[in-house]
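Chain naming here is simple, since letters A, B, ... match the order of the sequence lines and numbering starts at 1 in each.
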Amino acid sequence: MSEVTQRASTPVLSVEGLNVRLAGRGGRSLVEGISFSVQPGRCVGLVGESGSGKSVTLRAAIGVAPEGTVASGDIDYSGEDAEGMDRARRSQWRAQSVGMIFQDPKAVFDPTRPVHDFVGAVLRQQGVAEQEVRGRIVAALGDMGIPDPAGAAERLPDAFSGGQLQRIVIAGALVHHPKLLVADEPTTALDTLSQARVVHLLQRAREERGLAMLFVTHNLELALTLCDEIVVMHAGRIVERTTPQLLRAGNAHPYSLALLACRPVPDRKLDELPTADAARELLLAESEFEGGA
Amino acid sequence: MTVPKTTMVSLHRFDGRRRLRLFGFEDTTAIIAALFLILLVLASAFAAVIAPYDPNASNLSDANLPPWAGNILGTDASGRDIFSRVLFGAQSTLLGPLIIVVIATVLGVFLALLGAWFGGRVDNVVSRVFDGIMVLPGLLLALLATAIFGAGVVPTAIALSIAYVPYIGRLTRSALINEVRRPYISALRLNGFSALPIWTRHLLPNIGGVIIAQMTVNFGYALVDMAAISFLGLGVQPPQADWGVMVSQGQSALLRGFPMESLAAGVAILLTVLAFNTVGDRLERRFHV
Amino acid sequence: MTIVLAVANISKRFALRGKPAVQALDDVSFELVRGRALAVIGESGSGKTTLARIVLGLESADSGSAELFGTELDLGGSIAKRTGQGALVQVVFQDPYSSLDPLQTVGAMLMEIGRKHRADHRRPPREELVALLASVGLPEEVLEQRPGKLSGGQRQRVAIARALLPEPELLILDEAVSALDVSVQAQILNLLSSIRTKRQLTVLFITHDLGVVRQSCDDVIVMHRGRVVERGEVADVLDSPGHPYTRALRAAVPAPGWDPAAAAALADEIPALDER
């Protein structure tokens with residue numbers, strides 16, 4: 001796909017001036033003025049430390065803001081204004097066009113039902129014939145490297161490790177061929193080896209299917225591997241929107257660079273790890289400057 | 001400059017009602033229930049001051065008066081003022097469940113502590129003890145106690161308290177097991193602290209909320225049980241005022257078309273139990289029992 | 001060269017109801033030399049945390065032995081039999097939120113622990129505690145605060161202060177930085193390394209993060225399914241890993257030019273049971 005056609009295509013998800021605050025008069029603001037868009041085939045990473053508002057942003061963007069919060073802003077799903085859609089239409093869009101992966105794979109399964117129940121849920125809801133559903137479940141599980149996919153589909157979630165469960169979740173998120181995959185810290189609860197497998201599968205799914213992806217993580221290094229565009233967040237605001245190339249070249253906001261540099265690496269030992277203290281003070285000064293102006 | 005399109009994606013609508021706050025309770029029902037209980041305790045404590053009449057002064061010429069003839073709730077078959085008897089009756093009615101809950105809490109929490117702290121075999125024994133008591137019907141225990149010690153509030157309450165041990169003990173045990181696993185407890189043990197100071201200074205204060213919630217909920221149940229025992233004539237003995245006794249004694253008047261005695265005592269029991277359950281329920285939710 | 005801790009042939013099996021028994025530790029031995037930091041790495045289920053708990057006396061071992069400064073440790077899992085251990089060994093746990101009693105102020109907590117370790121059982125003077133807090137980068141006001149008021153990083157600093165209070169010889173860090181944000185983790189790692197140099201502390205660092213190992217440790221043992229599969233100096237093991245499992249772990253760390261496909265392929269070479 002050329003640069004021109006990419007730009008011309010409609011974003012799968014576009015968010016403009018998103019604010020989320022706690023419900024109630026004078027409810028505290030959780031995120032403010034967030035804008036980004038995800039083009040088909042592109043991956044956008046929302047990166048930040050805890051409390052930066054990255055998960056809230058992701059959830060509000062797909063219309064499932066956490067309970068007790070109010071979101072406002074201009075959100076478009078495949079070019080259509082989300083506000084113009086009624087509730088049923090929005091959840092239909094979500095079911096058909098979005099695949100979701102969350103941090104804790106154990107939490108999404110009903111422990112008393114075999115895993116095909118979860119993996120095939122959207123297909124069954126769409127009225128796809130049971131035989132085809134079964135075939136697609138088995139194919140999707142096999143795609144994710146689950147051994148003996150036909151047998152695995154019948155097993156209870158308890159029979160799988162956390163890493164395998166997350167791969168089954170991904171199978172379920174992709175089985176209905178969504179346009180957009182949203183992933184909220186999909187590897188944080190996993191071991192490093194499982195993380196590598198999951199990242200590899202996500203990368204492959206993107207390349208093979210031209211999926212758009214919205215990826216939330218606290219691990220900037222991970223986002224640099226997976227994403228085309230990176231939105232760095234701090235305290236509910238966007239620090240900057242940048243690209244892996246710019247960040248790698250050191251051409252980015254000091255806070256983003258600090259996030260990258262303060263993670264210790266197995267290649268070398270430093271006399272002292274850099275911290276983000278100075279960069280954070282700079283952010284504080286910037287927001288005060290904005291507030292004063 | 002283009003005017004930005006600002007549309008609302010309202011995902012969770014906020015209901016604009018202002019909410020009362022009292023002792024951390026945010027809903028009106030629980031606040032009313034808590035106020036009711038406070039009022040009840042005060043009213044029973046100061047019954048002698050508030051009550052318009054002597055609860056035991058009978059006057060057969062004033063028997064079965066309706067509520068509008070000078071007595072707030074009318075009079076019973078012996079011509080005693082029902083309102084005064086409800087007020088005085090609160091004392092003995094609340095005494096039974098109080099004994100039950102205090103004894104059951106002391107025993108239940110102690111057993112739960114042993115089980116949660118030592119784990120393994122000790123915990124198995126504690127769990128079996130709780131299971132075993134659960135099988136015994138509490139009322140039967142109380143009847144047995146009256147057979148041995150005679151009727152009265154104290155023997156029946158003590159017997160019933162045994163039946164309440166597992167209700168308080170089980171939930172306390174699971175709360176304690178969670179708490180014991182927390183690393184701050186490990187840190188104390190690593191620093192050479194023995195069981196007793198850790199129990200009293202750290203474990204129990206940290207699950208205090210859970211215990212109080214359990215006590216409150218079970219107080220309501222115990223009140224019903226004690227009222228039933230008094231209704232059967234095995235608890236509080238007439239002529240002393242008591243709600244269970246009043247429901248029982250009012251029966252014959254009820255059949256003759258004078259429902260006030262049974263009704264007043266019955267409603268008092270109902271409201272009190274409801275209030276205890278509501279408050280207990282909110283406390284449980286607050287402390288994530 | 002003083003051996004602070006010598007662990008020999010420790011094994012431990014967990015029998016879970018309705019599930020096959022798990023061999024958490026299988027014949028694990030190592031020695032910890034005074035002043036050095038030993039990393040125990042491995043994934044969840046590798047047995048590394050069980051190892052720490054056994055050394056601390058919070059868990060029993062099925063077989064094997066351990067010596068602390070030449071004195072045999074009771075491995076029956078009964079901490080009450082480890083009298084005087086607290087003055088020698090201290091620990092910082094992973095979760096900063098449950099590591100502190102939520103009802104107790106930091107000052108009261110430090111007083112309580114402090115008087116336990118003093119010969120006269122008197123409360124340690126306030127100046128001593130203020131100095132201790134300063135050494136972990138916390139202001140005096142923290143003494144009056146309860147944990148609920150503190151951030152995750154501050155709580156972990158308090159937990160470190162509590163561990164340093166009895167001036168231990170050996171500090172066990174059980175995933176002590178893995179629940180923290182990266183920027184906070186960097187501060188705590190810097191703090192720990194300066195404390196180590198100042199106090200000549202010996203450290204046993206349980207972690208799954210190879211970056212942390214490189215930054216903060218001298219030696220490393222790699223654990224896989226309860227066994228030590230590789231050991232050596234950190235630089236040697238990380239720069240030229242010998243065991244396939246270590247190689248897979250090394251390749252799985254995201255870095256510039258990282259190839260997840262190759263990392264996944266290496267991970268798949270490890271027997272399927274490794275995945276948890």
Checklist outcome for this item: One option among A/Arg268, A/Gln203, A/Arg280 has the most heavy-atom pairs under 4.5 Å with chain C, and it is A/Arg268

Item to check | Residue part contacting chain A, namely of C/Leu249, when any heavy atom lies under 4.5 Å | outcome: both

Item to check | A/Leu224 portion near chain C, given a 4.5 angstrom heavy-atom threshold | outcome: neither

Checklist outcome for this item: Scored by heavy-atom pairs under 4.5 Å with chain C, the best of A/Gln195, A/His218, A/Lys269, A/Arg263 is A/Lys269

Item to check | Heavy-atom pair of closest approach, residues C/Gln215 and A/Pro264 | outcome: CB-CB, 3.9 Å

Next on the checklist: So, using side-chain hydrogen bond (donor to acceptor under 3.5 Å, both in side chains) as the criterion, who are the partners of A/Glu281 when residues are at least two apart?
Outcome noted: none

Next on the checklist: Can you confirm whether C/Pro256 sits close enough to A/Glu221 that some side-chain heavy atom of one is under 4.5 Å from a side-chain heavy atom of the other?
Outcome noted: yes

Checklist outcome for this item: So, the part of A/Asp267 with a heavy atom under 4.5 Å from chain C: the answer is both

Checklist entry - Residues in side chain to side chain contact (heavy atoms under 4.5 Å, CB included) with C/Val253, at least two apart? => result A/Pro266, C/Leu210

Checklist outcome for this item: Nearest heavy-atom approach of A/Ala196 to C/Ala263 is CB-CB, 3.8 Å

Checklist outcome for this item: Applied to residues 148-157 of chain A, the side chain to side chain donor-acceptor pair (under 3.5 Å) test, sequence neighbours excluded, yields A/Arg134-A/Glu154, A/Asp148-A/Arg155

Item to check | Which of C/Ser193, C/Gly257, C/Ala255 touches chain A most, by non-hydrogen pairs under 4.5 Å | outcome: C/Ala255

Item to check | Under 3.5 Å donor-acceptor, A/Glu272 side chain and C/Asn190 backbone | outcome: no

Checklist entry - Would you say the side-chain atoms of A/Glu49 pair up with the backbone N or O of C/Ser183, donor to acceptor, closer than 3.5 Å? => result yes

Checklist entry - Is it the backbone or the side chain of A/Thr225 that comes under 4.5 Å from a heavy atom of chain C, or both, or neither? => result side chain

Next on the checklist: If I take atom CG from residue A/Asp277 and atom CD from residue C/Gln187, how far apart are they, to the nearest 0.5 angstrom?
Outcome noted: 4.5 Å

Item to check | Side-chain heavy atoms of C/Glu43 within contact of A/Thr192, under 4.5 Å | outcome: yes

Checklist entry - For chain C, which residues from residues 230-259 of chain A lie under 4.5 Å away (heavy-atom distances)? => result A/Arg248, A/Leu259

Next on the checklist: Counting only non-hydrogen atoms closer than 4.5 Å, does A/Arg204 touch chain C with its backbone (N, CA, C, O), its side chain (CB onward), both, or neither?
Outcome noted: neither

Next on the checklist: So which residue, A/Leu222, A/Leu270, A/Thr275, ends up with the most heavy-atom pairs under 4.5 Å with chain C?
Outcome noted: A/Leu270

